[in-house]
**Q** 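Quick one: the structure is below, and I'll ask about it shortly.
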There are 2 protein chains.
Amino acid sequence: MTFDDAEILGRVASTLRRADLALLAAKEPALRKVGVSGSLYAVLANLGVKPGLTGAELARLTGVTPQAIAPLVGKLIERGLIERRAHPRHANIQELHLTESGRRETARADRIMLHLDTHIRDSLGDQEYRQLRVLLDRVITSLPGWVPPPDGSS
Amino acid sequence: MTFDDAEILGRVASTLRRADLALLAAKEPALRKVGVSGSLYAVLANLGVKPGLTGAELARLTGVTPQAIAPLVGKLIERGLIERRAHPRHANIQELHLTESGRRETARADRIMLHLDTHIRDSLGDQEYRQLRVLLDRVITSLPGWVPPPDGSS
DNA sequence: GACAGGGTATCAAGAGCTTGATGTGACGCA
DNA sequence: TGCGTCACATCAAGCTCTTGATACCCTGTC
């Protein structure tokens with residue numbers, strides 16, 4: 001509560017982690033009610049914005065390995081929510097597209113996520129909501145530039 | 001639809017997730033150099049601030065289940081970094097404490113995390129760093145109050 | 001003193017993701 | 001034209017965390 005224990009628990013790194021966990025705990029059960037997990041929603045949402053993505057591109061966007069994407073894509077195809085199409089140049093690569101029913105399911109799940117985001121914006125206020133986004137973006141872009149200290153075993 | 005920049009990728013929920021992933025990608029390799037994973041560090045750091053925590057309390061603080069804590073505690077005991085002590089009232093409960101060498105290892109890992117946090121604060125500026133912390137905390141406290149929409153199948 | 005209730009610890013089974021390694025097809029360059 | 005390089009996809013093994021279920025101990029109530 002005070003700033004005495006700010007030494008560790010109050011750092012941005014720690015607070016950011018807790019915020020993400022709280023977000024996960026809120027959205028996962030809500031999404032499961034419409035039949036998708038958080039990972040599946042991430043795939044659907046990205047395909048909704050950028051149709052024709054490949055598995056590898058999807059992996060980079062969602063921050064996981066390409067191997068983790070394969071089972072997700074398999075499930076979604078099995079349920080008829082997305083489909084593979086041959087890439088015009090690479091015979092080996094498959095473009096992924098939402099089907100019509102996939103678009104409907106994505107819209108249903110997206111409505112929930114929009115509702116959650118609206119709740120956050122209402123809690124923070126419009127201006128601070130925007131600032132939070134800006135600050136987070138600056139954190140994201142600044143992190144790759146960090147080099148760990150030279151193992152100061154001292 | 002109405003919010004051009006709210007197009008999924010710009011929402012706080014999505015940005016927050018990417019920020020946490022970027023943070024994870026930065027800190028995990030750095031911590032591994034001193035021999036601990038992110039989860040192990042979380043246990044050590046919490047025990048450093050609040051000695052005598054039980055496994056269940058530790059689980060709540062780090063946001064995982066008690067079952068996930070057990071293997072972590074086992075590893076740390078095996079390496080001599082922490083130790084169990086009998087709880088004064090409950091024979092069944094074990095308090096966890098850092099050993100002397102555990103304190104040293106925690107300090108080494110913590111130096112890295114402090115360095116990372118300092119990098120973020122330098123990138124953002126002192127005032128905005130503080131504000132980011134405040135905004136994240138408000139997100140954390142506001143999230144449990146969210147109730148999902150009543151599955152409006154439209 | 002007996003009993004229900006809450007909290008802790010632990011076992012078992014399952015899902016999800018990661019690292020490691022392999023095969024294939026497209027592109028740049030001599 | 002032939003070769004080296006790179007990106008995509010996929011198989012296999014291992015680790016970590018999760019959900020589900022069980023047993024134990026303390027505390028409050030009758």
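All chains are named by letter (A, B, ...) in the order of the sequence lines, taking the proteins before the strands, and each is independently numbered beginning at 1. For the numbers below, each heavy atom of this structure counts, side chains included, while hydrogens, waters and symmetry mates do not.
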**Q** Mind listing the closest non-hydrogen atom pair of A:Ile82 and A:Leu44 along with its distance?
**A**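 So the minimum-distance heavy-atom pair works out to CG2-CD2, 3.9 Å.
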**Q** Taking heavy atoms of chain B and a 4.0 Å limit, find me the 5'-most and 3'-most nucleotide of DNA chain D within that range.
**A**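 Endpoints of the contacted stretch of DNA chain D: D:dT16 to D:dT27.
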**Q** Using a strict 4.0 Å threshold on nitrogen-to-oxygen distance, state whether B:Arg103 and B:Glu100 make a salt bridge.
**A**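 Between B:Glu100 and B:Arg103 there is a salt bridge, with a charged N closer than 4.0 Å to a carboxylate O.
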**Q** When the distance from CG of B:Leu53 to P of C:dG7 is rounded to whole Å, what number comes out?
**A**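 Answer to the nearest Å: 17 Å.
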**Q** Does A:Thr54 offer a backbone N or O that forms a donor-acceptor pair with the side chain of A:Glu57 under 3.5 Å?
**A**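 Yes; judged by distance alone, with no hydrogens or angles, the pair exists.
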**Q** Whole-Å distance between C:dA15 P and A:Leu72 CG?
**A**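 Result: 14 Å.
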**Q** Scan nucleotides 19-26 of chain C nucleotide by nucleotide, 5' to 3', and note B when protein non-hydrogen atoms come under 4.0 Å of the base, S if they reach only the sugar-phosphate, - if neither.
**A** BBB-BBSS
**Q** Does a side chain donor of either A:Tyr41 or A:Asp110 reach within less than 3.5 Å of an acceptor in the other side chain?
**A**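 There is such a pair between these side chains.
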**Q** For B:Leu72 and B:Ser39, which heavy atoms make the closest approach, and how far apart are they?
**A**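 Closest approach of B:Leu72 to B:Ser39, heavy atoms only: CD1-CB, 3.8 Å.
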**Q** Can you name the nearest heavy-atom pair linking B:Glu105 to B:Val34, along with the distance?
**A**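 For B:Glu105 and B:Val34, the tightest heavy-atom pair comes out as OE1-O, 3.8 Å.
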**Q** Can you check the A:Ile69 CD1 to C:dA15 C1' distance for me, whole Å?
**A**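 Checked: the CD1 to C1' distance equals 16 Å.
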**Q** I need the CG-C1' distance between B:Leu58 and C:dG7, as an integer number of Å.
**A**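 In whole Å, C:dG7 C1' lies 16 Å from B:Leu58 CG.
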**Q** Just how far, in rounded Å, is C1' of C:dG16 from CG of A:Leu76?
**A**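 After rounding, the reported distance stands at 15 Å.
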**Q** Search all heavy atoms of A:Leu132 against all heavy atoms of A:Leu124 and return the closest pair with its distance.
**A**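 Smallest heavy-atom distance, with atoms named: CD2-CD2, 3.7 Å.
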**Q** Is a side-chain donor or acceptor of A:Thr15 paired with a backbone partner of B:Arg133 at a separation under 3.5 angstrom?
**A**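 No, A:Thr15 side chain to B:Arg133 backbone: no donor-acceptor pair under 3.5 Å.
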**Q** When you compare the side chain of A:Ser123 with that of B:Arg138, does any pair of heavy atoms fall below 4.5 Å?
**A**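 Not in contact.
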**Q** Any base atoms under 4.0 Å from A:Ala56, or only sugar-phosphate, or nothing? Heavy atoms, all strands.
**A**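 Sugar-phosphate contact only.
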**Q** Between B:Arg60 (CZ) and C:dG7 (P), how many Å, whole number?
**A**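 After rounding, the reported distance stands at 8 Å.
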**Q** Using atom CG of B:Leu21 as one end and atom P of C:dC17 as the other, report the distance to the nearest whole Å.
**A**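 Interatomic distance, CG of B:Leu21 to P of C:dC17: 11 Å.
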**Q** Please classify the nucleic acid contact of B:Ser39 as base, sugar-phosphate, or nothing, using heavy-atom distances under 4.0 Å.
**A**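 The answer is sugar-phosphate, as B:Ser39 gets under 4.0 Å only of primed atoms, P, OP1 or OP2.
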